[in-house]
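Heads up: the structure comes next, in structure tokens.
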Protein chains: 2
Amino acid sequence: MVVMVAGAAHGRSRRSLADVVDACRAAVLAEVAETGFGRLAVEGVARRAGVAKTSIYRHWPSVEELLLDALSHAHPVEVATPGGGNLRSDLLRSLEQLVGWLGAPTAPAVAAILNERQRRPDLVEALYTRVFDTHGGRFTRTVIEHYAERGEIDARLVTPIVVDIGEALVIKHQIDTGQLPSAEVRAAIVDQAILPALCFPPVPDEGNST
Amino acid sequence: MVVMVAGAAHGRSRRSLADVVDACRAAVLAEVAETGFGRLAVEGVARRAGVAKTSIYRHWPSVEELLLDALSHAHPVEVATPGGGNLRSDLLRSLEQLVGWLGAPTAPAVAAILNERQRRPDLVEALYTRVFDTHGGRFTRTVIEHYAERGEIDARLVTPIVVDIGEALVIKHQIDTGQLPSAEVRAAIVDQAILPALCFPPVPDEGNST
DNA sequence: GACTGTAGCTACGCTAGCGTAGCTACAGAA
DNA sequence: TTCTGTAGCTACGCTAGCGTAGCTACAGTC
């Protein structure tokens, strides 16, 4: 059964500019999550967005530009700041924020671009300048530096290695399991890896979860 | 100028079975490193190996099977065992082995498959059972468990999180920079992150490198 | 030397995608 | 209501790849 839009000989309906742009941005993020970067295609994005290829080429010179544009508009902005609690609870919250970041709808697209680092360094650089640099993403680094400034941590222990422990373990967990770490695992990361590196010795009993 | 192989009307030369198999295995590893998994194609592998597509399809049902077969034969085998040194030097050597693993010619192929975890869990599972499980790859875990058995480390501190710190930081370094960590960075990882988690407190001065 | 399994080649009919040309027609502004 | 910028459509000529059929011919074994 064919339903015709009034007056439309083609049966076609035309959308507004803003509608087309929003549909394309959403479609490219979903498409790259499903296909990976290597099989991302303008035809696939147009199909998913329900637009013509010409509508894409009128706004973006390539599907890569559309992808970066979509990420600029959709990637979550970090809001982690030390909340006046203590070091441990602030570290836990920053890992929670990181996990939120890594689980955002944009995360597969970010991962897809990062996976192309050797082949497309230009894209990765653009990702950092157009998405990461404008959206923050310092997580545990922000917290550790804050407490170091307050004198609660020996500032000499705040090294590039140490501020990276938490994120490294979260990402490794995701690589190994395909899942983001639970609250229990995040607590273990804080208690068993981050705090010991800041001279808060590990407590080798059961340990208390959040 | 056309050079004809004696007696070959086609100008073609025919290789032995072993030669074809070796060429295909090497070609698929190089091809996937260059193209990524998404654009890996039988035609590209055949071209690079200098064989006909039919020669590939006679031995492997798909390019994925060829890739896993190639990895099974080429992936380095872990030889890290505690060498009778001390904990620190053994940890340094295990990270050196890991970096050797990650820098092996097979590493891009491994990464390409791991990047397809969401889309192709079957391939990732096959990677673990056919490649990882048979080639080891426990690195710092092996060292830490050895010293725990000897009583030099509180065994209660040897948790899944703690044994993963070193590899997590190495992999994070590679994700962030595209490079494998230098000896200096590896030493910092051992001194500032792994040892503190095992109750060997960090030394917040310059610290001695390897 | 004879035999056999298989390498190499080309063509096949197909899918998928690229980026644009040229057109119709409509959403939104004036 | 008129005007304009642009959405939607289809076709185009192209590249790239798939997996096999059918053939020739040769590497290696006996």
Side-chain angles (χ1 to χ4, degrees), chain A residues 2-28 30-32 34-67 69 112 116 119-120 123, chain B residues 2-28 30-32 34-67 69 112 116 119-120 123:
Chain A
V2 179
V3 174
M4 302 293 287
V5 175
H10 292 79
R12 70 194 180 193
S13 166
R14 177 179 154 159
R15 296 202 250 167
S16 70
L17 175 56
D19 192 18
V20 165
V21 168
D22 286 346
C24 291
R25 284 173 176 160
V28 73
E31 187 75 2
V32 76
E34 178 176 318
T35 67
F37 187 82
R39 297 183 195 276
L40 181 64
V42 170
E43 294 231 12
V45 175
R47 184 183 310 126
R48 187 183 290 260
V51 306
K53 282 196 290 180
T54 35
S55 297
I56 292 182
Y57 281 110
R58 286 189 183 114
H59 297 292
W60 301 277
S62 65
V63 74
E64 291 90 347
E65 273 302 315
L66 168 55
L67 181 56
D69 180 53
E116 296 295 315
R119 285 174 287 280
R120 297 296 306 271
L123 275 186
Chain B
V2 177
V3 174
M4 302 291 287
V5 177
H10 292 77
R12 71 194 180 194
S13 164
R14 176 180 156 157
R15 297 200 248 168
S16 70
L17 175 57
D19 192 19
V20 165
V21 169
D22 285 347
C24 291
R25 283 171 176 161
V28 72
E31 188 77 0
V32 74
E34 178 176 316
T35 67
F37 186 82
R39 297 184 192 275
L40 182 64
V42 169
E43 296 232 10
V45 175
R47 182 184 312 128
R48 185 182 291 261
V51 305
K53 282 197 289 178
T54 37
S55 297
I56 292 183
Y57 281 108
R58 286 190 183 113
H59 295 292
W60 300 276
S62 64
V63 74
E64 290 90 346
E65 273 302 314
L66 168 54
L67 180 56
D69 180 52
E116 297 295 315
R119 285 173 288 280
R120 297 295 305 271
L123 276 185

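None of the values given here were measured: they were computed from a predicted structure. The sequence lines fix the lettering, A, B, ..., with proteins before strands; numbering per chain opens at 1. Computed from heavy atoms alone, side chains included, the values below leave out hydrogens, waters and symmetry copies.
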*With DNA chain D as reference, determine whether B:Ser62 or B:Ser16 sits nearer its 5' end, using the nearest nucleotide of each.*
B:Ser62
Please output the side-chain donor-acceptor pairs of residues 16-23 of chain B that fall under 3.5 Å, not counting sequence neighbours, one pair per line with the distance.
{"residue": "B:Ser16", "atom": "OG", "partner": "B:Asp19", "partner atom": "N", "Å": "3.2"}

*Bend angle of the helix from C:dG1-D:dC30 to C:dA30-D:dT1, from helix axes over five pairs at each end, nearest 10°*: 30°
*By side chain to side chain contact (heavy atoms under 4.5 Å, CB included) - contacts of A:Glu43 (at least two apart)*: A:Arg47, A:Lys53
*For residues A:Cys24 and A:Val45, report the shortest heavy-atom separation together with the two atoms involved.*
O-CG1, 4.1 Å
*Could you tell me the separation between the CH2 atom of B:Trp60 and the C1' atom of D:dG19, rounded to a whole number of Å?*
16 Å
*Just how far, in rounded Å, is C1' of C:dC9 from OH of B:Tyr57?*
16 Å
*Listed partners of B:Ala52 passing side chain to side chain contact (heavy atoms under 4.5 Å, CB included), at least two apart*: B:Thr54, B:Ser55
*Going from CZ on A:Phe37 to CG on A:Leu123, what distance comes out if it is rounded to the nearest 0.5 angstrom?*
4.5 Å
*Taking only heavy atoms on the protein side, list every residue of residues 38-46 of chain A lying under 4.0 Å from any atom of DNA chain D, sorted numerically.*
none
*Can you find a side chain N or O atom of B:His59 that sits less than 4.0 Å from OP1 or OP2 on C:dT6?*
no
*B:Arg58 (side chain) and C:dA7 (base): donor-acceptor pair under 3.5 Å*: yes
*With sequence neighbours left out, write down each residue that passes side chain to side chain donor-acceptor pair (under 3.5 Å) with A:Thr35, or none if nothing qualifies.*
none
*asked:* Ignoring hydrogens, what is the shortest heavy-atom contact between A:Glu65 and A:Pro61? Give both atom names and the distance.
replied: CG-CG, 3.6 Å
_Looking at every heavy atom in both A:Val32 and A:Ala112, which two are closest together, and how far apart are they?_
CG2-CB, 3.8 Å
*Can you tell me the distance, in whole Å, between the CG atom of A:Asp19 and the P atom of C:dG28?*
9 Å
*Indicate whether OP1 or OP2 belonging to D:dA27 is found under 4.0 Å from a side-chain N or O atom of B:Arg15.*
no
*In a check of side chain to side chain contact (heavy atoms under 4.5 Å, CB included) between A:Tyr57 and each of A:Val42, A:Val63, A:Leu66, which one passes?*
A:Val42
*Quick one: salt bridge (Lys or Arg N to Asp or Glu O under 4.0 Å) partners of B:Arg48, sequence neighbours excluded?*
B:Glu31, B:Glu34
*Where along residues 47-56 of chain B does a heavy atom fall under 4.0 Å from DNA chain D?*
B:Arg47, B:Lys53, B:Thr54
_Residues in side chain to side chain donor-acceptor pair (under 3.5 Å) contact with B:Glu116, at least two apart in sequence or another chain_ = B:Arg119
Name the pairs: protein N/O against N/O of nucleotides 3-5 of chain D, kept only if under 3.5 Å.
{"residue": "D:dG5", "atom": "N2", "partner": "A:Arg14", "partner atom": "NH1", "Å": "2.8"}
{"residue": "D:dG5", "atom": "N2", "partner": "A:Arg14", "partner atom": "NH2", "Å": "2.5"}

